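Structure first, commentary second.
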Amino acid sequence: ARKGRTPEEVVRRYLQKVRNPPEEDCTICMEALAGPSGYKGPGVGGISRAESVGRLSQCGHQYHLQCLVAMYNNGNKDGSLQCPTCKTIYGVKTGNQPPGKMEYHVIPHSLPGHPDCKTIRIIYNIPPGIQGPEHPNPGKPFTARGFPRHCYLPDSDKGRLVLKLLLVAWDRRLIFSVGTSSTTGEADTVIWNEVHHKTEFGSNLTGHGYPDSGHLDNVLEELRAQGIAEEDCLR
Ligand code: NAD
Ligand code: ZN
Ligand code: ZN
């Protein structure tokens, strides 16, 4: 979290004032926008009724200011905010991926469906550890199964673009998360976040392999949903 900025100050940066709230409900608390926020938790005292509703500046969706502040406080407080309705990202979204290593190199073999190029192998390594305040159970250990995890991309122009964006996603802690594995049901473990990777090399027995002609476009879309787009990379 950046110093010297309260959650309310962060949230306000992305809001425009709303003088007359519409006759609609706030979709965070399901109470009328014209009335008070349904959020009763801590940390939102002091917000005056006169400024109780805000409009997100890019997408225009409106919420109780208290509800947005509560939502921000429930996240990892990185200075960014995501509209819960349309997922527009304000600021730079980061995740809660635990510390680890991302490496890659080119191997001289072709992936099924990409016969004309070599292959980029990415190796992720995350050791088990103790959960931080940004994780579901702070202070509790988390496990890390199946590491190092090897992932494959075609060494084509588009594959290299995906790699470049994955490196940005890694720096922003968005590749993995800590939670319950949907495959094994294990809680408090390192899991893939919302960006799909191919972990199978020469076949596709798991559904996480090649050939898959839509894979690179799907990953670009998933990265965009995390706020990482081609344009940012060229800056
Ligand atoms: P998860 O089961 O909670 O699923 C999260 C996302 O990852 C989902 O979108 C899912 O489709 C995707 N996913 C699931 N299995 C995947 C796989 N094998 N390769 C690529 N994507 C996959 O996520 P998770 O618990 O992190 O991973 C699923 C399982 O895969 C875990 O049990 C992990 O141990 C295992 N795994 C093992 C190895 C290994 O080398 N032994 C490598 C990678 C993953
Ligand atoms: Zn509300
Ligand atoms: Zn929105």
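Note that this is a predicted model, so its numbers are computed, not measured. Both counts, for ligands and for their atoms, begin at 1 and track the order of listing.
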Just to confirm my output: which protein heavy-atom neighbour is closest to atom 26 (O) of ligand 1, and how far is it? R149 NH1, 2.8 Å
Are T184 and ligand 1 in contact, using a heavy-atom cut-off of under 4.0 Å? yes
Backbone or side-chain N or O of H208 under 3.5 Å from ligand 1 N or O: yes
Ion pair present between R12 and E9, side-chain N to carboxylate O less than 4.0 angstrom? no
Is there a protein heavy atom at a distance of less than 4.0 Å from atom 3 (O) of ligand 1? yes
Quick check: of its N, O or S atoms, which one does H64 have closest to the Zn ion (ligand 2)? ND1
Can we say K198 and D212 salt-bridge, meaning some charged N sits less than 4.0 Å from an Asp/Glu carboxylate O? yes
Tell me, which protein residue and heavy-atom name are nearest atom 8 (C) of ligand 1, and how many Å apart are they? H196 NE2, 4.0 Å
Which residue and heavy atom of the protein sit nearest atom 7 (O) of ligand 1, plus the separation: W192 CD1, 3.2 Å
Cluster overlap Y104 with Y124, hydrophobic side-chain contacts below 4.5 Å: yes
The reported gap from NE2 in H105 to NZ in K118 (rounded to nearest 0.5 angstrom) is 12.5 Å
Note: ligand 1 atoms sitting under 4.0 Å from heavy atoms of R145 are 34 (O)
Passes side chain to side chain contact (heavy atoms under 4.5 Å, CB included), M102 versus I175? Steps please. CA-CA 10 Å; M102 173 181 184; I175 304 275; 5.6 Å; no
Heavy-atom contacts under 4.0 Å between H197 and ligand 1: side chain, backbone, both, or neither? backbone
Can you tell whether the side chains of R173 and E134 come within less than 4.0 Å, N to carboxylate O? yes
When you measure from atom 29 (C) of ligand 1 to each heavy atom in T206, T183, T199, which option holds the nearest one? T183
Give the contacting part of V190 toward ligand 1: side chain, backbone, both or neither, where contact means a heavy-atom distance below 4.0 Å. backbone
Member of V190, L174, N193, I126 meeting the side-chain contact (heavy atoms from CB on, under 4.5 Å) criterion with Q97: I126
Close side-chain approach of E31 and H64, heavy atoms under 4.5 Å: yes
Atom 37 (C) of ligand 1: which protein heavy atom is closest, and how many Å away? G146 CA, 4.0 Å
Among the N, O or S atoms of H61, the one nearest the Zn ion (ligand 3): ND1
The SG(C86)-the Zn ion (ligand 3)-SG(C59) angle, to 10°, is 110°
Distance from Q226 atom CD to K93 atom NZ, nearest 0.5 Å? 4.0 Å
For a quick test of reading the model, state the closest non-hydrogen atom pair linking V219 to H196 and the distance between them. CG2-O, 3.5 Å
For atom 25 (O) of ligand 1, which protein heavy atom lies nearest, and how many Å away is it? S181 OG, 2.6 Å
Given atoms SG of C26 and SG of C29, what angle do they subtend at the Zn ion (ligand 2), to the nearest 10 degrees? 120°
Verify same cluster id: L220, Y210 (apolar side-chain graph, 4.5 Å): yes
Judged on heavy-atom distance to atom 1 (P) of ligand 1, which of G185, G209, S182 sits nearest? S182
